[in-house]
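Computed from heavy atoms alone, side chains included, the values below leave out hydrogens, waters and symmetry copies.
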Amino acid sequence: MRARVLVSVAVAATIALGATGCEFISPAQTREIKQITDGVNVSTGKIDIRNALLISDSGKNARFVGTVINTAEKGDVTLSIEVGGDTQTVSVAANTHVDLGMAVAPSDEATAATEEGQTTQGTNAGNASEVVFKDADTTPGSLVKVYFSYSGAEGVSASVPVLTSAQGEYATLAPSPTPTSDSTSPSENGSQPTGDATVPGTQPGGSQTDSSSGDEGTNG
């Protein structure tokens, strides 16, 4: 009889523990996880970069997407972001976070790099900004080294994923290709003067008039 009681107590304890475990992964808890995890996180000095990634369809032009957070209580920071031989900068005020790449109008499925209230570490929201590299030399679907640095802190590099606009949430974020120099000149698209056209200062017969000799004939 005592053995049955012990077994019953053990079973009841197991059920109670299982119910308690469910509370740890309840929907109310999981809704607080707001960061998109396609990108990488890296820090240098007082600057934190969250969910960093590049969007590129061509591999040449690439848009940087992520959130830059200046955790310092005072002092603005100009952060340099280098990809290949191309370097762009972004200024972030003290105690401020800036979403990069979100200045483009999002598609219906697009979402911000980090939603408000997460990974911003209590900082104020700065104006969204664009960082586009025109000579990134990346390969879509791969990782590329990105170097982050600013004056007064040691720079740091990170392997950042290169994604394409084929993914719905990034459909509007791929930068436009750089225009080529293949446009035709006016002489190549048929706009040359025709044979019947006369050049200013010439007569139909082909002899060019001279203003000084014309004056002499009038005076004579």
Do Ile47 and Tyr150 come within less than 4.5 Å of each other through their side chains, counting heavy atoms only?
yes
Minimum heavy-atom separation for Phe64 to Leu54, with atom names?
CA-CD2, 3.7 Å
Taking Val90 as the starting point, is it possible to reach Ile49 by hopping between hydrophobic residues whose side chains are less than 4.5 Å apart?
yes
Euclidean distance, Lys74 NZ relative to Lys46 NZ, rounded to 0.5 Å:
11.5 Å
Does Asn70 reach the main-chain N or O of Val92 with its side chain, forming a donor-acceptor pair under 3.5 Å?
yes
Heavy-atom closest contact (Pro161 atom, Val40 atom, distance)
CD-CG1, 4.1 Å
Shortest non-hydrogen contact from Gly101 to Leu173?
O-CD2, 3.3 Å
Scanning both residues in full, the closest heavy-atom pair of Leu53 with Asp38 reads CD2-CB, 3.7 Å
Donor-acceptor pair, distance only, cut-off 3.5 Å: does the side chain of Asn51 make one with the backbone of Gly39?
yes
Donor-acceptor pair, Thr87 side chain versus Glu82 backbone, under 3.5 Å?
no
Considering all heavy atoms of both residues, which atom of Arg50 and which atom of Val42 are nearest to each other, and what is their separation?
NH1-O, 3.6 Å
Mark yes or no for whether Thr96, through its side chain, and Ala94, through its backbone, hold a donor-acceptor pair below 3.5 Å.
yes
Please check this pair: side chain of His97 against backbone of Gly126, looking for a donor-acceptor N/O pair closer than 3.5 Å.
no
Indicate if Val156 and Leu100 have the same hydrophobic cluster label, given that clusters are the connected sets of ILVMFWY residues with side-chain heavy-atom separations under 4.5 angstrom.
yes
Atom CZ in Arg63, atom CD in Gln88: separation rounded to 0.5 Å?
11.5 Å
Check for me, please, whether Val83 and Val132 land in the same ILVMFWY cluster - side-chain distances under 4.5 Å, paths through other members count.
no
Tell me whether Val144 is reachable from Phe148 by hopping between hydrophobic residues (I, L, V, M, F, W, Y) whose side-chain heavy atoms are closer than 4.5 Å.
yes
Is there a donor-acceptor pair under 3.5 Å between the side chain of Asp137 and the backbone N or O of Gly85?
no
Nearest 0.5 Å, please: how far is CG in Asn95 from OG1 in Thr123?
6.0 Å
Reported CG-to-CD1 distance for the pair Asp99 and Ile69, which is rounded to 0.5 angstrom
9.0 Å
Is it true that a side-chain atom of Thr138 and a backbone atom of Gly59 form a donor plus acceptor pair closer than 3.5 Å?
yes
Spatial distance of atom OG1 (Thr89) from atom CD1 (Ile81) [nearest 0.5 Å]
8.5 Å
Shortest non-hydrogen contact from Pro175 toward Ala62
CG-N, 3.6 Å
